[in-house]
Amino acid sequence: MTVILRTIAEVRAWRRALPAGQTLGFVPTMGALHAGHISLMELAKRRASVTIASIFVNPLQFGPNEDLAKYPRPIEKDLALLEAAGIDAVFLPGVANLYPDGASTFVVEESVSAPMCGAVRPGHFRGVTTVVLKLFNIVQPDLAVFGQKDAQQCAVIERMVRDLAVPVEIVRGAIVREPDGLALSSRNVYLSPEDRAAAPLIHASLQAAKAAFEAGQRDASALAAIGRKVLGQDPRFTLQYWDVRDPQTLTSIDTVPTGGALLAVAAYLGSTRLIDNIVLAPF
Ligand code: PAF
């Protein structure tokens with residue numbers, strides 16, 4: 001049975017009652033769980049002896065014109081999926097549990113969070129780091145699993161954990177894709193049938209650049225030009241960025257170094273914002 005915990009006090013009591021010597025693995029989510037999330041749960045289960053997930057649609061990481069109100073919240077289905085995945089507990093806080101009236105303390109990472117999604121979604125990563133550190137303080141996990149689909153989020157959290165000496169190991173889980181290449185995302189449900197049919201072009205644009213890299217192209221602007229050209233084939237896409245960056249610091253690079261690089265895209269398809277990425281392996 002997955003134990004449902006609704007308050008900070010309930011999580012703390014559950015945590016205290018765990019037998020000594022157990023390792024606790026944590027998967028924070030905003031719900032609307034799909035096979036990508038389940039793969040993170042499975043990774044947590046392989047890496048830790050006890051597992052806890054959280055489901056909290058965090059208002060602090062949504063901009064004023066973003067999809068907070070319409071974000072899907074299929075809670076019964078989510079709980080059934082966690083149960084089936086064998087997760088030991090789930091934390092389901094309400095907004096008032098996590099943000100008491102007058103809450104005025106925030107966590108801001110200023111470098112890794114600046115470009116890419118940080119540049120087009122002001123305040124987004126401040127919301128993420130604030131809620132993630134707070135969840136870490138409540139759950140006190142040994143390790144926490146985040147999806148590589150949000151590569152920048154992973155890098156920002158890794159930086160925060162390093163800078164603030166947070167005693168949690170960050171584990172990245174691989175992107176899970178539909179058979180046609182579209183990365184799984186809770187936001188894919190927003191896509192119209194026509195947009196859904198076009199969506200795999202994002203992954204195709206990354207693959208095209210990766211193929212050029214594997215054929216020897218090391219020039220970052222040439223790789224980005226290849227990716228942008230593929231995405232440009234369908235006027236339905238409004239590109240936000242198609243970037244080649246250092247995978248840890250997210251600074252832009254001119255030439256792919258031997259340590260590899262991150263290819264990352266964000267684009268609107270209709271009113272749905274999609275992101276995806278591929279890591280170019282060290283060579
Ligand atoms: O990746 C997400 O679902 C969210 O950004 C997270 C990490 C749960 C914080 O709200």
Side-chain angles (χ1 to χ4, degrees), residues 5 8 11 25-41 43-44 51-63 66-75 77-78 81-82 85 87 89-99 103 106-109 112-113 116-118 120-139 141 143-161 164 166 168-176 183-190 250 264 266 272-277:
L5 307 164
I8 296 173
V11 178
F26 176 39
V27 187
T29 80
M30 300 206 301
L33 303 179
H34 49 65
H37 293 108
I38 301 308
S39 75
L40 304 182
M41 305 291 162
L43 181 53
T51 49
I52 180 168
S54 63
I55 298 178
F56 179 64
V57 182
N58 173 31
L60 207 59
Q61 69 187 73
F62 287 79
E66 293 184 354
D67 54 344
L68 174 63
K70 73 164 184 177
Y71 200 83
R73 292 166 170 84
I75 189 65
K77 184 177 167 226
D78 285 351
L81 287 170
L82 292 176
I87 295 301
V90 57
F91 181 32
L92 298 180
V95 174
N97 293 112
L98 285 198
Y99 299 119
F106 304 94
V107 181
V108 182
E109 190 289 322
V112 183
S113 61
M116 298 165 59
C117 293
V120 289
R121 301 184 71 189
H124 168 68
F125 286 115
R126 170 182 179 267
V128 170
T129 43
T130 299
V131 82
V132 168
L133 187 65
K134 180 147 190 176
L135 289 167
F136 284 177
N137 285 336
I138 296 165
V139 172
L143 63 93
V145 183
F146 294 86
Q148 171 67 20
K149 188 176 145 276
D150 297 303
Q152 187 173 17
Q153 172 170 279
C154 289
V156 169
I157 290 167
E158 285 163 357
R159 178 63 66 91
M160 172 187 80
V161 160
L164 300 181
V166 182
V168 178
E169 181 193 349
I170 304 302
V171 177
R172 296 193 191 204
I175 299 178
V176 178
L184 297 195
S185 163
S186 304
R187 291 187 166 98
N188 291 352
V189 298
Y190 301 150
L250 301 185
T272 306
R273 185 173 180 276
L274 298 177
I275 60 172
D276 200 353
N277 68 83

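Note that ligands are numbered from 1 as they come in the structure, with each ligand's atoms numbered from 1 the same way.
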Just so I know, are the side chains of V131 and L60 near enough to count as touching, which here means a heavy-atom distance under 4.5 Å? no

List, pair by pair, the atoms of ligand 1 and of the protein that are both N or O and lie under 3.5 Å apart, giving the separation rounded to 0.1 Å.
residue	atom	partner	partner atom	Å
ligand 1	1 (O)	Q153	NE2	2.8
ligand 1	5 (O)	Q61	NE2	2.9
ligand 1	5 (O)	Q153	OE1	2.7
ligand 1	10 (O)	Q61	OE1	2.6

Taking the side chain from T129 and the backbone from V107, do they hold a donor-acceptor pair closer than 3.5 Å? yes

Quick check: does any side chain N or O of D67 sit under 3.5 Å from a backbone N or O of P72, one acting as donor and the other as acceptor? no

Using distance only, find each side-chain donor-acceptor pair of residues 143-153 under 3.5 Å and give its atom names and separation, not counting sequence neighbours.
residue	atom	partner	partner atom	Å
Q148	OE1	R172	NH1	2.8
Q148	NE2	N277	OD1	3.2
Q152	OE1	C117	N	3.0
Q152	NE2	V112	O	2.9
Q152	NE2	P115	O	3.0

Partner of K134 by side-chain contact (heavy atoms from CB on, under 4.5 Å), out of N137, I138, T130: I138

Could you tell me whether the side chains of N58 and Y99 share a donor-acceptor contact shorter than 3.5 Å? yes

